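This report refers to the structure that appears directly beneath it.
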Amino acid sequence: MRVVIVTESFPPDVNGVAHCALQTARHLVDRGHHPLVVAPAPAPGSGPDTDAPCPVVRIPSLPLPGYPQVRVALPSRRLAAALVTHRPDVVHLAGPFVLGARGMAAAARLGLPAVAVYQTDLAGYARTYMGAGEAAAWRRIRSVHAAADRTLAPSSAALRDLEEHGVPRVRLWPRGVDTVRFRPDRRDEALRRELAPNGELIVGYVGRLAPEKHVELLAGVCGLDGVRLVVVGDGPSHDRLAEALPGAVFLGRRTGDDLARIFASLDLFTHTGPLETFCQTVQEAMASGVPVVAPATGGPLDLVDHGRTGLLVPPRDADAVRGAVRALAADAARRAAFGTAARARVEGRTWAAVGDRLIGHYGDVLAARRTAVAA
């Protein structure tokens, strides 16, 4: 099968859309298919696509004003040319909004089947960053996804949101996790002594440091006796959070085995963002055998089994976050039981298993197209 993956982000970018697009391309190659990736050009000096498992067509891009880590693709003929040259059986649109919308239009002009993968709560981002525009964002989402043969939602909550806003033909497609890279035996006692020299319980956050993540909700955790907060990631909120989280250790952006070592060395993982359509870092923490505290909204509802693998708390509630962390900090046996159950819960969610489900969705779309033509 020949597939063109049109994605709003791709490594060296570090985010959920980029990671999922990379894993999708890898799996397609592993299964003997022929993907081509079309993505915005990264920031100058980011380096070549050395980790890409397939050819990558880069579209000229500009940084998003106020958030330079995000690149927005400019109009370019390279996208349509890539579709014509690669002759795909299906077009995969990863988090379509700007480049993906153009990819959807080009696929429609060429009569190509398209699968659109919903990954980002753009309406929530509009509300967070602009205080308005949520209705306009949903109109944009609906117009793009309604043109696709199938839309894939990463969680039950995202699926409901899409259906409630009039997006047709939605199916569930969760995300995988690298259970070989993220595993409990990567726990590193030397690293733990470095992060918490007085033997403190280590509570971690991993993700972008941006307003929509509400990492400032962890300020109360910094005040707990015997607790050390470790923050992994970078973004426009870094300086503000460094002031808001006294005593926290900021490790910057980490990836690969280094990140896996940090995850496994935590005693407890916290996530605070209320706009997660899936929340990959929660799943990576669980694969690392670490109990989770997360908001009871969006993607974490599918991932965290409250009272068994972690605790769900009301979103945007700093007191609830602090209370959940304090309760687990005081109960080592409960943390251990949660961590063991968390690892068991995600062991079957490998990227290979999830990738095969994606290929099944492709097959369904192609079969429906053949049936329509025959009719």
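One is the number of the first residue; the rest follow in order along the sequence. Not measured: the values here are computed from a predicted model. Basis for what follows: all heavy atoms, side chains included, without hydrogens, waters or symmetry-related copies.
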Do the non-hydrogen side-chain atoms of [X] and [Y] ever get within less than 4.5 Å of each other?
| X | Y | answer |
| --- | --- | --- |
| V144 | F97 | no |
| Y205 | T281 | no |
| R58 | F10 | yes |
| E8 | T120 | no |
| Y118 | V170 | no |
| H271 | P300 | no |
| V57 | V4 | no |

Indicate if [X] and [Y] have the same hydrophobic cluster label, given that clusters are the connected sets of ILVMFWY residues with side-chain heavy-atom separations under 4.5 angstrom.
| X | Y | result |
| --- | --- | --- |
| V84 | M104 | yes |
| V231 | L218 | yes |
| L36 | L79 | yes |
| V365 | L28 | yes |
| L266 | V227 | no |

Check this for me, if you would: do [X] and [Y] make a salt bridge, where the nitrogen-to-carboxylate-oxygen distance has to be below 4.0 angstrom?
| X | Y | value |
| --- | --- | --- |
| D267 | R187 | yes |
| E347 | R343 | yes |
| R316 | E216 | no |

*Out of R150, R370, R369, R171, which one pairs with D364 under the salt bridge (charged side-chain N to carboxylate O under 4.0 Å, His left out) rule?*
R150

Considering all heavy atoms of both residues, which atom of [X] and which atom of [Y] are nearest to each other, and what is their separation?
| X | Y | answer |
| --- | --- | --- |
| Q283 | V346 | CG-CG1, 4.1 Å |
| L268 | V292 | CD1-N, 4.3 Å |
| V56 | A52 | CG2-CB, 3.6 Å |

[Y] backbone acceptor or donor facing [X] side chain under 3.5 Å:
| X | Y | result |
| --- | --- | --- |
| T340 | A337 | no |
| R254 | V232 | no |
| S265 | R192 | no |
| S155 | F278 | no |
| R71 | P40 | no |
| D188 | A190 | yes |
| R349 | G176 | no |
| H238 | D234 | no |
| S288 | V290 | no |
| R183 | V180 | yes |

*Other residues, nucleotides, ligands: >12 heavy atoms within 6.0 Å of E243 CD*: no

_Is it the case that atom CZ in R87 sees more than 12 heavy atoms from other parts of the structure closer than 6.0 Å?_
no

Gap between atom [atom2] of [Y] and atom [atom1] of [X] - 0.5 Å precision:
| X | Y | atom1 | atom2 | result |
| --- | --- | --- | --- | --- |
| R181 | T255 | CZ | OG1 | 7.5 Å |
| H19 | Q119 | NE2 | CD | 10.5 Å |
| W351 | T24 | CH2 | OG1 | 6.0 Å |

_Counterpart residues, side chain to side chain donor-acceptor pair (under 3.5 Å), relative to R240 (two or more places apart)_ = S237

*asked:* Is the ring pair Y362/H92 parallel, tilted or perpendicular, if the boundaries are 30 and 60 degrees?
replied: perpendicular

*Checking side-chain contact (heavy atoms from CB on, under 4.5 Å) against V91, which of V38, I5, V3, V6 comes through?*
V6

Anything under 3.5 Å between a donor and an acceptor, one on a side chain of residues 321-333, the other on a protein residue two or more places apart or in another chain? List them.
unit_1 : atom_1 : unit_2 : atom_2 : d
R322   : NE     : G220   : O      : 3.2
D331   : OD1    : A333   : N      : 3.4
D331   : OD1    : R334   : N      : 3.0

